[in-house]
Engineer: 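The structure is given below, and queries will be raised subsequently.
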Amino acid sequence: MRDAYHEELDSIGEGLVEMARLVGSAIGRATTAILDADLKLAEHVIAGDEKVDDLQRDLEARAIALLARQQPVATDLRIVVTSLRMSADLERSGDLAQHVAKLARLRFPQTAVPRDLHATILEMGQLAQRLMAKAAEVIITKDVDLALQLEQDDDAMDLLHRALFQHLMDDRWKHGIETAVDVTLLGRYYERFADHAVSVAKRVVYLVTGEHADEIAPATPVEGA
């Protein structure tokens with residue numbers, strides 16, 4: 001019975017990794033759709049979010065069943081409860097990728113992003129995908145130092161978000177109010193997606209150590225090492 005119990009715990013972790021990989025891929029494809037005005041790709045991303053939702057519901061049902069049947073304590077309880085919270089972060093990440101794709105569909109056959117902002121949005125999309133890939137690695141490896149690094153990596157997204165906002169506020173903006181709203185929304189979607197990747201990593205830190213990530217300083221390289 002205990003072997004089956006721990007196999008179920010492991011399968012919940014595997015479900016989280018699958019969710020992270022799916023939403024990471026989704027944000028990458030949604031970025032391509034928004035920049036290339038690719039309606040077919042946007043529709044694929046929108047439809048694909050249902051699989052993420054299904055995984056989240058299945059994971060939640062299995063976690064609740066474990067709580068009811070096994071009444072776990074200590075570390076095992078922390079695993080189950082933290083997994084539920086991570087699945088919620090990942091499901092919301094999938095929603096954000098879907099929002100990007102829906103904006104691509106809304107503006108088709110035009111693109112929602114002016115040509116002079118393509119490089120910035122592309123960088124935000126690629127960074128979001130990398131952050132989620134790293135979050136998936138953290139779930140697999142339970143590497144606390146790697147998890148703590150994600151918050152530092154997220155600083156780059158914050159810088160891009162601020163640069164985007166400054167561009168919108170520039171007196172030379174010539175793309176109109178509708179496009180300004182679209183770009184503002186896109187910036188917010190990517191910024192929130194990155195926040196959820198960081199949140200997943202922080203939850204892994206708590207799962208492993210029992211401490212919140214904000215209470216732990218990331219390891220720093222030894223000088224001369």
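Hydrogens, waters and symmetry mates play no part in the numbers below; they use all other heavy atoms, side chains included.
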Engineer: I'd like to know whether CD of Glu123 has more than 12 heavy-atom contacts from other residues, nucleotides or ligands below 6.0 angstrom.
Structural biologist: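 No, because the 6.0 Å sphere around CD of Glu123 holds 12 heavy atoms or fewer from other groups.
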Engineer: Is it true that a side-chain atom of Ser11 and a backbone atom of Glu8 form a donor plus acceptor pair closer than 3.5 Å?
Structural biologist: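 Checked: pair present.
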Engineer: Would a hydrophobic clustering, with Ile, Leu, Val, Met, Phe, Trp and Tyr connected at side-chain separations under 4.5 Å, put Leu39 with Val45?
Structural biologist: no
Engineer: Treat each ILVMFWY residue as a node, draw an edge where side-chain heavy atoms are under 4.5 Å apart, and state whether Tyr206 and Leu16 are in one component.
Structural biologist: no
Engineer: Considering only heavy atoms from C-beta outward, does the side chain of Ile121 approach that of Leu164 to under 4.5 Å?
Structural biologist: yes
Engineer: Group every Ile, Leu, Val, Met, Phe, Trp and Tyr by side-chain heavy-atom contacts under 4.5 Å, then state whether Leu185 and Ile46 land in the same group.
Structural biologist: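 Leu185 and Ile46: separate clusters.
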Engineer: Could you give me the CA-CA distance, side-chain angles and deciding distance for His167 and Thr120, then say whether side chain to side chain contact (heavy atoms under 4.5 Å, CB included) is met?
Structural biologist: CA-CA 10 Å; His167 196 99; Thr120 302; over 6 Å; no
Engineer: Inspect the contact between Asp54 and Arg57 and indicate whether a charged nitrogen and a carboxylate oxygen are less than 4.0 angstrom apart.
Structural biologist: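 Here Arg57 pairs with Asp54 in a salt bridge, since their nearest N and O are under 4.0 Å apart.
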Engineer: Given the rule that I, L, V, M, F, W and Y join up when any side-chain heavy atoms are under 4.5 Å apart, are Leu66 and Leu77 in one cluster?
Structural biologist: yes
Engineer: Any heavy-atom pair between the side chains of Thr31 and Tyr190 that's under 4.5 Å?
Structural biologist: yes
Engineer: To the nearest 0.5 angstrom, please state how far the CG atom of Leu35 sits from the NE2 atom of His118.
Structural biologist: 5.0 Å
Engineer: Roughly how far, to the nearest 0.5 Å, is the CG atom of Asp53 from the CG atom of Asp95?
Structural biologist: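 It comes to 6.0 Å.
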Engineer: Are side-chain N/O atoms of Ser25 and Arg21 paired as donor and acceptor at under 3.5 Å?
Structural biologist: no
Engineer: If you round to the nearest 0.5 Å, how far is CE of Met157 from CG of Leu127?
Structural biologist: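 Between atom CG of Leu127 and atom CE of Met157 there are 4.0 Å.
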Engineer: State, to 0.1 Å, how close Ala128 and Ile27 come at their nearest heavy-atom pair, and which atoms those are.
Structural biologist: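 Nearest heavy atoms, Ala128 then Ile27: CB-CG1, 4.1 Å.
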Engineer: Given side chain to side chain contact (heavy atoms under 4.5 Å, CB included), test Thr184 with Val181 step by step and report yes or no.
Structural biologist: CA-CA 5 Å; Thr184 300; Val181 172; 5.6 Å; no
Engineer: Within this structure, what is the CE-CG distance for the pair Met86 and Leu207, rounded to the nearest 0.5 Å?
Structural biologist: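 Between atom CE of Met86 and atom CG of Leu207 there are 5.5 Å.
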Engineer: Under 6.0 Å from the CG atom of Leu159, do we count more than 12 heavy atoms belonging to anything else shown?
Structural biologist: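 Correct, the count exceeds 12.
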Engineer: Between Asp158 and Arg162 (salt bridge meaning N to carboxylate O under 4.0 Å), is one present in this structure?
Structural biologist: no
Engineer: At their closest point, which heavy atom of Val183 faces which heavy atom of Ala112, and how far apart are they?
Structural biologist: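 Looks like CG2-O, 4.1 Å.
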Engineer: How close do Ala136 and Val17 get, counting heavy atoms only, and between which atoms?
Structural biologist: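 Scanning both residues completely, I find the closest heavy atoms to be O-CG2, 4.2 Å.
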Engineer: Calculate, to the nearest 0.5 Å, the distance between atoms NZ and CZ belonging to Lys40 and Phe108 respectively.
Structural biologist: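 Those atoms lie 12.0 Å apart.
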Engineer: Taking atom NZ of Lys142 as the centre, report whether more than 12 heavy atoms of other residues, nucleotides or ligands fall under 6.0 Å from it.
Structural biologist: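 Count over threshold, so yes.
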Engineer: Could you check whether any side-chain N or O of Gln98 sits under 3.5 Å from a backbone N or O of Asp49, counting only pairs where one atom can act as donor and the other as acceptor?
Structural biologist: no
Engineer: Roughly how far apart are Arg188 CZ and Arg192 CZ, rounded to 0.5 Å?
Structural biologist: 5.5 Å
Engineer: If only atom types and distance count, is the side chain of Arg203 paired as donor or acceptor with the main-chain N or O of Thr82 below 3.5 Å?
Structural biologist: no
Engineer: So which heavy atom on Glu91 is nearest to which on Val52, and how close?
Structural biologist: CA-CG1, 4.2 Å
Engineer: What heavy-atom pair brings Ile34 and Thr111 nearest, and what distance separates the two atoms?
Structural biologist: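 For Ile34 versus Thr111, the nearest heavy atoms are O-OG1, 2.8 Å.
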Engineer: Please tell me if the side chains of Asp154 and Asp195 come closer than 4.5 Å, counting only heavy atoms from C-beta onward.
Structural biologist: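 Side-chain contact under 4.5 Å: yes.
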Engineer: For the backbone of Pro114 and the side chain of His175, can you confirm whether one donor and one acceptor N or O come within less than 3.5 Å of each other?
Structural biologist: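 Pair absent, no side-chain N/O of His175 close to backbone of Pro114.
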Engineer: Going by heavy atoms in the side chains, are Lys134 and Asp153 under 4.5 Å from each other?
Structural biologist: yes
Engineer: Looking only at atom types and distance, does a side-chain atom of Ser93 sit under 3.5 Å from a main-chain N or O of Ala20, one as donor and one as acceptor?
Structural biologist: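 Between the backbone of Ala20 and the side chain of Ser93 there is no qualifying donor-acceptor contact (under 3.5 Å).
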Engineer: Do Asp143 and Glu137 make a side-chain contact, defined as non-hydrogen atoms from C-beta onward lying under 4.5 Å apart?
Structural biologist: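 Counting from C-beta outward, Asp143 and Glu137 never come under 4.5 Å.
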Engineer: In terms of relative ring orientation, are Tyr189 and His99 parallel, tilted or perpendicular, with 30° and 60° separating the classes?
Structural biologist: tilted
Engineer: Can you check whether Leu90 reaches Gln56 side chain to side chain, under 4.5 Å on heavy atoms?
Structural biologist: no
Engineer: More than 12 heavy atoms of other residues, nucleotides or ligands under 6.0 Å from CZ of Arg85: yes or no?
Structural biologist: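 It does not: Arg85 CZ has 12 such atoms or fewer within range.
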Engineer: Checking side chain to side chain contact (heavy atoms under 4.5 Å, CB included) for the pair Phe165/His161: CA distance, chi angles, key distance, verdict?
Structural biologist: CA-CA 6 Å; Phe165 188 74; His161 192 216; 5.8 Å; no
Engineer: Between the main-chain N or O of Gly176 and the side-chain N or O of Thr179, is there a donor-acceptor pair closer than 3.5 Å?
Structural biologist: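 No, Thr179 side chain to Gly176 backbone: no donor-acceptor pair under 3.5 Å.
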Engineer: So, the side chain of Asp36 versus the backbone of Asp38: is there a donor-acceptor pair under 3.5 Å, distance only?
Structural biologist: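 Not confirmed, Asp36 side chain does not pair with Asp38 backbone.
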Engineer: When clusters are formed by joining ILVMFWY residues with side-chain heavy atoms under 4.5 Å apart, either directly or through shared neighbours, do Ile140 and Met19 land in the same one?
Structural biologist: yes
Engineer: Taking all atoms of both residues into account, what is the closest heavy-atom pair of Ala97 and Ala30, and its distance?
Structural biologist: O-CB, 3.5 Å
Engineer: Could you check if a side-chain atom of Asp182 sits within less than 4.5 angstrom of a side-chain atom of Val113, using non-hydrogen atoms only?
Structural biologist: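 A side-chain contact under 4.5 Å is absent here.
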